[in-house]
Amino acid sequence: LASIFAGSFLAAYQHVFRWEILLFASLTTIFLQILSNLSNDYGDTIHGADHQHRQGPVRAVQSGLISLPEMKKAMYIFGGLALISGLILLYLAVQDWVLFGVFLGLGLAAIWASVSYTSGDNPYGYSGLGDISVFIFFGLLGVYGTYFLHSLTWNDSVIWIGIALGLFSAAVLNINNIRDIESDTTAGKKSIPVRIGKKAAIIYNWFLILGGNFCLLIFAFVTNEWTSLLALGLFPFMIKIGMSVQRGKNSQEIDPNLKKMAISTLVWVILFGIGLVFLGKS
């Protein structure tokens, strides 16, 4: 939702905001996120990442709360809901068939990315490509795509907020993967922390947190909208999250930071929007 809100705040700043775009973009994103979580639960059980010695939150299939066929049915349901919501969004946003086709292709790619992260014969999450996918779909595409559906115009400055959200979203995934580094290693899931080790993954986490906030500084500089820096009010909290991840000795100590980073990202966007739309010059 943070990326959808960011794109919508940028549209409001340019006086091209449309409520129906925000509504159906948010619905589509929620359905895709649920689909991704269900698929992750399903895929990690199939491929052995969710085993009896796994640390972290209880997983539905691995614990026996939901059967594999039931989870697969739920995946079809939410994949269908995401497609329907996305089609309504495109119908409301674009009247050009070429643009409709381009965004439909991007939407189908988002559904594929949600499912294929840990499911299927060659899940890309097991090759360490999850961070790139999150950066693209939850960052660049989420922010810039939402802004474009509001405005049907390009705006170069929007890219900096897209990059920022992509980096923050990758940080959420990275914290998740640092938490699961032992169970992922056992299952052969080669996430970035598994590939580079916990110490380097923590440095990478700092790069993501600091880089996202630095992109905001660039945005403020190129737009001369310094009130957008209100979002830096969340910077101390993100630093605290980074320190907590760095000091975490086990999965139980690292796990709470996953939720904190996600919520901090959303609040960061809300402060960004308040500063840009309500306190800015435009």
Side-chain angles (χ1 to χ4, degrees), residues 1-3 5-6 33 36-37 40 49 53-59 125 128-135 138-140 142-143 160-186 189-221 226 228-275:
L1 283 176
S3 62
F5 289 178
Q33 182 62 60
S36 179
N37 288 341
N40 191 31
H53 301 297
R54 175 185 178 274
Q55 298 182 24
V58 174
R59 300 299 288 272
L129 299 176
D131 295 58
I132 296 175
S133 177
V134 163
F135 179 80
F138 289 176
L140 297 180
V143 175
W160 294 110
I161 303 303
I163 294 173
L165 266 292
L167 294 174
F168 291 153
S169 299
V172 174
L173 179 61
N174 186 55
I175 294 170
N176 175 86
N177 290 337
I178 292 174
R179 180 199 67 191
D180 293 341
I181 193 168
E182 293 181 7
S183 59
D184 286 348
T185 300
T186 302
K189 185 177 181 179
K190 298 180 180 179
S191 65
I192 286 182
V194 170
R195 287 181 178 275
I196 67 177
K198 184 176 180 180
K199 185 177 293 186
I202 289 171
I203 296 173
Y204 170 55
N205 202 57
W206 280 117
F207 165 78
L208 296 172
I209 291 173
L210 298 176
N213 284 284
F214 184 70
C215 285
L216 174 62
L217 291 173
I218 298 176
F219 173 84
F221 179 78
W226 299 101
S228 64
L229 296 182
L230 183 64
L232 291 181
L234 260 290
F235 186 61
F237 293 94
M238 290 187 176
I239 293 296
K240 187 175 180 180
I241 291 167
M243 293 299 300
S244 181
V245 172
Q246 182 172 323
R247 293 169 180 163
K249 297 178 181 179
N250 53 52
S251 297
Q252 286 79 10
E253 292 181 3
I254 295 172
D255 182 60
N257 296 292
L258 183 63
K259 182 184 293 184
K260 290 177 182 178
M261 187 64 204
I263 293 174
S264 293
T265 300
L266 180 61
V267 177
W268 185 96
V269 167
I270 292 171
L271 290 179
F272 165 77
I274 292 172

Novice: Give me the atom names and distance for the closest heavy-atom approach of Trp226 to Ala220.
Specialist: CE3-CB, 3.7 Å

Novice: Quick one: are Leu1 and Val269 in side-chain contact, heavy atoms under 4.5 Å?
Specialist: no

Novice: For a quick test of reading the model, state the closest non-hydrogen atom pair linking Gly242 to Asn205 and the distance between them.
Specialist: CA-ND2, 4.4 Å

Novice: Quick one: OG on Ser169 to CG on Leu140, what's the gap to the nearest 0.5 Å?
Specialist: 10.0 Å

Novice: Determine the minimum heavy-atom distance between Cys215 and Trp160, stating which atoms define it.
Specialist: CB-O, 3.4 Å

Novice: Please round to the nearest 0.5 Å and tell me the distance separating atom CE of Met243 and atom CH2 of Trp206.
Specialist: 5.5 Å

Novice: If the test is side-chain contact (heavy atoms from CB on, under 4.5 Å), which one of Asp184, Val245, Ile192 qualifies with Ile178?
Specialist: Val245

Novice: Measure across Ile209 and Phe168 and return the closest heavy-atom pair with its distance rounded to 0.1 Å.
Specialist: O-CE2, 3.5 Å

Novice: Of the non-hydrogen atoms in Lys198 and Gly248, which two are nearest, and what is the gap between them?
Specialist: NZ-O, 2.9 Å

Novice: Rounded to the nearest 0.5 Å, how far apart are CD1 of Ile239 and CD of Gln246?
Specialist: 10.5 Å

Novice: Kindly check if the number of other-residue, nucleotide or ligand heavy atoms within 6.0 Å of CZ (Phe237) is above 12?
Specialist: no

Novice: Which is it for Phe207 and Ile203 under the side-chain contact (heavy atoms from CB on, under 4.5 Å) test, yes or no, and what are the steps along the way?
Specialist: CA-CA 6 Å; Phe207 165 78; Ile203 296 173; 5.9 Å; no

Novice: Examine distances only and state if a side-chain atom of Arg195 and a backbone atom of Lys190 form a donor-acceptor pair shorter than 3.5 Å.
Specialist: yes

Novice: Sequence neighbours left out, what passes ring pair (Phe, Tyr, Trp, His ring centres under 6.0 Å) with Phe138? Give chain and number order.
Specialist: none

Novice: Kindly say whether Gly275 contributes a backbone atom to a donor-acceptor pair with the side chain of Ser228 at under 3.5 angstrom?
Specialist: no

Novice: Any sub-3.5 Å donor-acceptor pair from Asn174's side-chain atoms to Ala201's backbone N or O?
Specialist: yes

Novice: Just how far is it from atom CG of Leu210 to atom CZ of Phe235, taken to the nearest 0.5 Å?
Specialist: 5.0 Å

Novice: Under the side-chain contact (heavy atoms from CB on, under 4.5 Å) test against Ile175, which residue among Leu208, Ile241, Asp180 passes?
Specialist: Ile241

Novice: Roughly how far, to the nearest 0.5 Å, is the CG atom of Asp255 from the CG atom of Leu258?
Specialist: 6.0 Å

Novice: Quick check: closest heavy atoms across Ser244 and Glu253, and the distance to 0.1 Å?
Specialist: OG-O, 4.4 Å

Novice: With side-chain contact (heavy atoms from CB on, under 4.5 Å) as the test, pick out the partner of Phe272 among Leu230, Leu229, Leu216, Leu234.
Specialist: Leu216

Novice: Do side-chain atoms of Thr185 reach the backbone of Ile181 as a donor and acceptor pair under 3.5 angstrom?
Specialist: yes

Novice: Examine distances only and state if a side-chain atom of Asn257 and a backbone atom of Ile254 form a donor-acceptor pair shorter than 3.5 Å.
Specialist: yes

Novice: Between atom CG of Leu167 and atom CZ of Phe214, what is the distance when rounded to the nearest 0.5 Å?
Specialist: 11.5 Å

